[in-house]
Amino acid sequence: MPEAIIIDTDPGQDDAVALLLAFASPGEIDLKAITTVAGNVPVAQTTTNALRIRDLGQRGDIPVYRGAEGPLVFPLETAEFVCGPDGLSGADLPAPASEAAPGHAVQAIIDLCRAAPEDGVTLCPLGPLTNLALAFRLAPDILPKVRRIVLMGGAIGLGNITPAAEFNVHVDPHAAAIVFGCGRPIVMFGLGVTLQAIASHDQIARIGACGNAAGKAVSGMLTRPRPGGLGSDGHPMHDPCVIAFLLWPELFEGRDCFVAVETGDGPLRGRTTIDWNGRLKRAPNAHVVSAVKAHELFERMIERLATLP
Ligand code: BDR
Ligand code: CA
């Protein structure tokens, strides 16, 4: 039976590719809803972008709910310097044909979880963890419904938005601390693994040559100049790793670890301290993924994306 999931997202080019990969995988993934959050760009724009990607995938059957306007405590910081003024530069997509569903994303997460059986929903956050933290605080009764949380965020080594922190956790560290402390199984895709997920020039060309609108948009996003590329050569597919893990877990390796999140407003803000060697003698709260077979990942992604309209 396909895995019921909710994608919580701040599109963003790599979020867009993750959404398309999920759309292309109905045999394995039952995408119940897309919920949006402020992150790469403000939430009005991430919502517009989720709707544009939904149109691209011709998946008007999947509701999009607009979520939190900003982090729990800190003012919102966005990343237009990396993803362009509208968050999806290179995709060349029209304005959305339809609107978001009525109601708040946090309420939608709560309602969908409440309607599910125990262990019935997998949450896939691809941006700051604000919506999830709010849902868990408002309705802790949903926690037993959450089968697992497969998330993109954090870093075992250097950060990308600061020396210490990865963008999603940096933007809302308080929300990340709530999620890492929630007691449900977590699979963490931090920069240690996602910076390995970079498609070759040949693979990007093949995505563009798929002959469908999705392939054209993806290749446009992956070949655009990235002035704020934060030290990586090529466009790392951070967020698609989350969806790829649901589809092909055998491509990834990791370890169960205790992960702590720094919530102070100093230079360590948003740092994820990962106790890889178990020095702290704390019970693991996440499976931290550290390696991906990147070539094989993109071969499989190309095949999937080619099935889209
Ligand atoms: C994360 O930050 C965002 O800019 C990307 O979409 C990804 O989720 C990488 O640090
Ligand atoms: Ca993202």
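Counting starts at 1 for both ligands and their atoms, following the listed order. Residue indices begin at 1 and follow the sequence shown.
- Atoms of ligand 1 lying under 4.0 Å from at least one heavy atom of Asp14, given by number and element, are 5 (C), 6 (O), 7 (C), 8 (O).
- Less than 4.0 angstrom separates some heavy atom of Asn160 from each of these atoms of ligand 1: 9 (C), 10 (O).
- For the residue pair Arg304/Ser25, the side-chain donor-acceptor check at 3.5 Å is satisfied.
- Between His238 and ligand 1, not a single N/O pair is under 3.5 Å apart.
- The closest protein non-hydrogen atom to atom 8 (O) of ligand 1 is Asp239 OD1, 2.7 Å.
- Ion pairing between a basic and an acidic side chain is recognised when a charged N comes within 4.0 Å of a carboxylate O; Asp275 and Arg255 show no such pairing.
- Summarising the geometry of Arg269 relative to Phe74, their closest heavy-atom pair is CZ-CD1, 3.3 Å, with the distance given to 0.1 Å.
- The Ca ion (ligand 2) has Asp15 among its coordinating residues (N/O/S atom, backbone or side chain, under 3.0 Å).
- On a distance-only criterion, Met152 and ligand 1 share no N/O pair closer than 3.5 Å.
- Here the N, O or S atom of Asp239 that is nearest to the Ca ion (ligand 2) is OD2.
- Each of Arg148, Lys145, Arg184 was checked for a salt bridge (Lys or Arg N to Asp or Glu O under 4.0 Å) with Asp119, and the lone residue meeting it is Arg184.
- Under a 3.5 Å cut-off, the side chain of Asp239 and the backbone N or O of Val17 do not form any donor-acceptor pair.
- A donor-acceptor contact shorter than 3.5 Å links the side chain of Asn131 to the backbone of Ala68.
- Without hydrogens or angle criteria, Arg66 side chain to Thr47 main chain gives no donor-acceptor distance under 3.5 Å.
- The proximity of Leu126 to ligand 1, defined as any non-hydrogen pair under 4.0 Å, is limited to the backbone.
- Looking only at N/O/S atoms, Asp10 comes nearest to the Ca ion (ligand 2) through OD1.
- Proximity of Val82 to ligand 1, defined as any heavy-atom pair under 4.0 Å, is not found for any part of the residue.
- Residue Leu126: an N/O/S atom is found under 3.0 Å from the Ca ion (ligand 2).
- Comment: Arg300 does not engage Glu28 in a salt bridge, judged by the lack of any side-chain N to carboxylate O separation of less than 4.0 angstrom.
- Thr122 places no side-chain N or O within 3.5 Å of a backbone atom of Arg147 that could act as its donor or acceptor partner.
- Looking only at atom types and distance, the side chain of Thr9 has a donor-acceptor partner in the side chain of Asp15 under 3.5 Å away.
- Residue, atom and distance of the protein heavy atom nearest to atom 4 (O) of ligand 1 are Asn40 OD1, 2.5 Å.
- Within ligand 1, the atoms closer than 4.0 Å to a non-hydrogen atom of Phe167 are 2 (O), 3 (C), 4 (O), 10 (O), numbered from 1 in the order shown.
- Scanning the protein for heavy atoms near atom 9 (C) of ligand 1, the closest one is Glu166 OE2, 3.2 Å.
- Counting the atoms of ligand 1 from 1 in the order shown, those under 4.0 Å from a heavy atom of Asp15 are 6 (O).
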